[in-house]
Amino acid sequence: MVNIEKMTTQHLVDVIGLSVAQEQQRFVGTIEEILRCINAQIRPHVILVEDKVVGFFLIDTVYAKKLEIIKIKSLGLCSFFISQLHQGKGYAKQAILALPNYLSEAYPNASHLYLTVNCQNAIAKELYLKGGFEDTNNLYHGGPSGPQHIMVRKLALNSEVKH
Ligand SMILES: CC(C)(COP(=O)(O)OP(=O)(O)OC[C@H]1O[C@@H](n2cnc3c(N)ncnc32)[C@H](O)[C@@H]1OP(=O)(O)O)[C@@H](O)C(=O)NCCC(=O)NCCS
């Protein structure tokens, strides 16, 4: 079963060992590039299976600054990936399905979760649709690898979270 946790220094050695296939790097970059994005507002998270780190993502708490269409009380999901050796085992789907409850607890004021996914990344788009995201039918043109779909998923207010 997949667990999501805020990344701590304890995870660092495992996180540095994560990687995606070379042809997937255009979608998320390298782990070194991703780790350089972390700051007080862009927070790292790990995806764990039996206490082993298998994946990673960033939560951008000021994502609304990135795009006009984004609602103010929103979070952004960025750099979401499962490490190459652990792909195809259902971990991404489990993590995406677990994310709304986790985020509603960790960020109780957030109403929506946004992300952008490269138009050539059909596997990831399909994953997000299965995880309850909708395509806003708007494109983001700011990425280095071509246009990206902007997708959104509503988050429950903390009082609505089901345990
Ligand atoms: C996209 C990614 C996160 C999927 O991770 P994963 O753990 O392999 O995915 P899962 O095994 O949980 O599969 C989830 C869904 O993805 C799709 N999928 C996964 N691998 C697939 C493949 N090889 N071919 C087609 N669809 C695939 C399927 O829709 C699958 O759903 P299903 O199990 O109901 O068929 C992973 O490929 C990855 O890290 N890619 C590189 C980074 C990236 O592109 N991140 C997204 C940035 S927006």
Side-chain angles (χ1 to χ4, degrees), residues 1-8 10-12 14-15 18-20 24 27-29 31 34-35 37-67 69-118 121-138 140 143 148-163:
M1 187 183 134
V2 158
N3 273 320
I4 293 170
E5 284 180 16
K6 288 187 175 165
M7 179 186 156
T8 66
Q10 212 184 313
H11 298 120
L12 192 57
D14 286 345
V15 167
L18 301 176
S19 65
V20 295
Q24 296 175 330
F27 300 136
V28 283
I31 190 66
I34 293 171
L35 292 177
C37 299
I38 296 171
N39 60 34
Q41 296 165 323
I42 301 180
R43 305 306 306 154
H45 291 75
V46 286
I47 300 167
L48 300 155
V49 175
E50 289 164 9
D51 292 336
K52 189 177 173 46
V53 179
V54 299
F56 180 94
F57 61 88
L58 297 171
I59 290 295
D60 185 340
T61 60
V62 289
Y63 208 56
K65 285 189 181 165
K66 188 172 171 183
L67 292 165
I69 68 152
I70 294 179
K71 294 186 197 315
I72 290 193
K73 284 187 182 174
S74 294
L75 299 170
L77 174 64
C78 310
S79 308
F80 178 91
F81 73 92
I82 297 292
S83 200
Q84 202 171 350
L85 284 179
H86 299 287
Q87 290 180 14
K89 299 178 181 174
Y91 296 155
K93 198 159 137 189
Q94 286 182 46
I96 284 294
L97 290 172
L99 207 47
N101 260 9
Y102 170 80
L103 292 175
S104 296
E105 298 250 345
Y107 302 93
N109 294 326
S111 64
H112 291 77
L113 177 63
Y114 280 83
L115 61 83
T116 63
V117 56
N118 193 288
N121 197 351
I123 290 181
K125 186 176 181 199
E126 190 60 28
L127 162 74
Y128 297 135
L129 289 171
K130 286 176 180 169
F133 283 83
E134 288 170 24
D135 190 343
T136 64
N137 295 316
N138 288 280
Y140 173 63
Q148 302 178 38
H149 300 290
I150 303 171
M151 301 184 79
V152 65
R153 192 198 196 288
K154 200 169 182 295
L155 296 173
L157 295 175
N158 192 243
S159 55
E160 299 167 6
V161 174
K162 292 190 181 71
H163 293 280

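Source: prediction; values computed, not measured.
Listed for the Glu5 side chain is no donor-acceptor partner under 3.5 Å among the backbone atoms of Val46. Side chain of Asp14 to main chain of Leu12: no donor-acceptor pair is present (N/O by atom type, distance under 3.5 Å, no hydrogens or angles). In this structure a side-chain-to-backbone donor-acceptor pair under 3.5 Å is missing from Ser83 to Leu85. Here the side chain of Arg153 pairs no donor or acceptor atom with the backbone of Pro100 at under 3.5 angstrom. In this structure a side-chain-to-backbone donor-acceptor pair under 3.5 Å is missing from Gln41 to Val62.
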Test log, rule side-chain contact (heavy atoms from CB on, under 4.5 Å), inputs Glu50 and Met1
CA-CA 7 Å; Glu50 289 164 9; Met1 187 183 134; over 6 Å; no
Between Leu18 and His86, does the side-chain contact (heavy atoms from CB on, under 4.5 Å) criterion hold? Intermediate values first, please.
CA-CA 10 Å; Leu18 301 176; His86 299 287; 5.8 Å; no
Given Phe133 and Leu127, is the side-chain contact (heavy atoms from CB on, under 4.5 Å) satisfied, shown in steps?
CA-CA 9 Å; Phe133 283 83; Leu127 162 74; over 6 Å; no
Derivation and outcome, side-chain contact (heavy atoms from CB on, under 4.5 Å), residues His149 and Thr136:
CA-CA 8 Å; His149 300 290; Thr136 64; over 6 Å; no
Assess the residue pair Gln84 and Gln24 against the criterion (side-chain hydrogen bond (donor to acceptor under 3.5 Å, both in side chains)); give the C-alpha distance rounded to whole Å, side-chain angles, the decisive distance to 0.1 Å, and a yes or no.
CA-CA 9 Å; Gln84 202 171 350; Gln24 296 175 330; over 6 Å; no
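Within the 4.5 Å cutoff, the side chain of Ile47 has no heavy atoms near those of the Phe56 side chain. Inter-residue side-chain proximity for Tyr114 and Ser74 is flagged as met; some heavy-atom pair is nearer than 4.5 Å. Ile96 is listed as a side-chain neighbour of Leu77, based on a closest heavy-atom distance under 4.5 Å. Between Leu75 and Leu155, the closest side-chain pair of non-hydrogen atoms falls below 4.5 Å. Put simply, the side chain of Leu48 does not reach to within 4.5 Å of the side chain of Val2, judged on heavy atoms. Looking only at side-chain heavy atoms (C-beta outward), Cys78 and Leu115 stay at 4.5 Å or farther from each other. Side-chain atoms of Tyr107 and Thr61, non-hydrogen and from C-beta on, do get closer than 4.5 Å to each other. Contact of the Met151 side chain with the Val117 side chain is registered, since non-hydrogen atoms from C-beta on lie closer than 4.5 Å.
To the nearest 0.5 Å, atom OG of residue Ser104 and atom NZ of residue Lys154 are 9.5 Å apart. In this structure, Leu58 CG and Cys37 SG are separated by 6.0 Å, a value rounded to the nearest 0.5 Å. To the nearest 0.5 Å, the span separating CD1 on Ile59 from CZ on Phe80 amounts to 10.0 Å. For the atom pair CE of Met7 and CD1 of Ile38, the computed distance is 5.5 Å after rounding to the nearest 0.5 Å. In this structure, Tyr128 OH and Ile123 CD1 are separated by 11.5 Å, a value rounded to the nearest 0.5 Å.
Nearest heavy-atom pair, Ile4 versus Ala98, reported as atom, atom and distance to 0.1 Å: CD1-CB, 4.1 Å. Summarising the geometry of Asp60 relative to Tyr63, their closest heavy-atom pair is OD1-N, 3.3 Å, with the distance given to 0.1 Å. Between Gly29 and Val20, the shortest heavy-atom distance links the atoms O-CG2, 4.3 Å. Closest approach of Ile82 to Ala92, counting heavy atoms only: CG1-CB, 3.7 Å.
Taking a 6.0 Å sphere around CG of Asp51, one finds it holds 12 or fewer heavy atoms contributed by other residues, nucleotides or ligands. Heavy atoms from other residues, nucleotides or ligands lying under 6.0 Å from NZ of Lys89 number more than 12.
Applying the ring pair (Phe, Tyr, Trp, His ring centres under 6.0 Å) test to Phe27 and every residue at least two apart in sequence or in another chain returns nothing.
Sorted by first and then second residue, the pairs that involve residues 122-138 and meet salt bridge (charged side-chain N to carboxylate O under 4.0 Å, His left out), not counting sequence neighbours, are Lys125-Asp135.
Separation of the Tyr102 and His45 ring centroids falls under the 6.0 Å cut-off.
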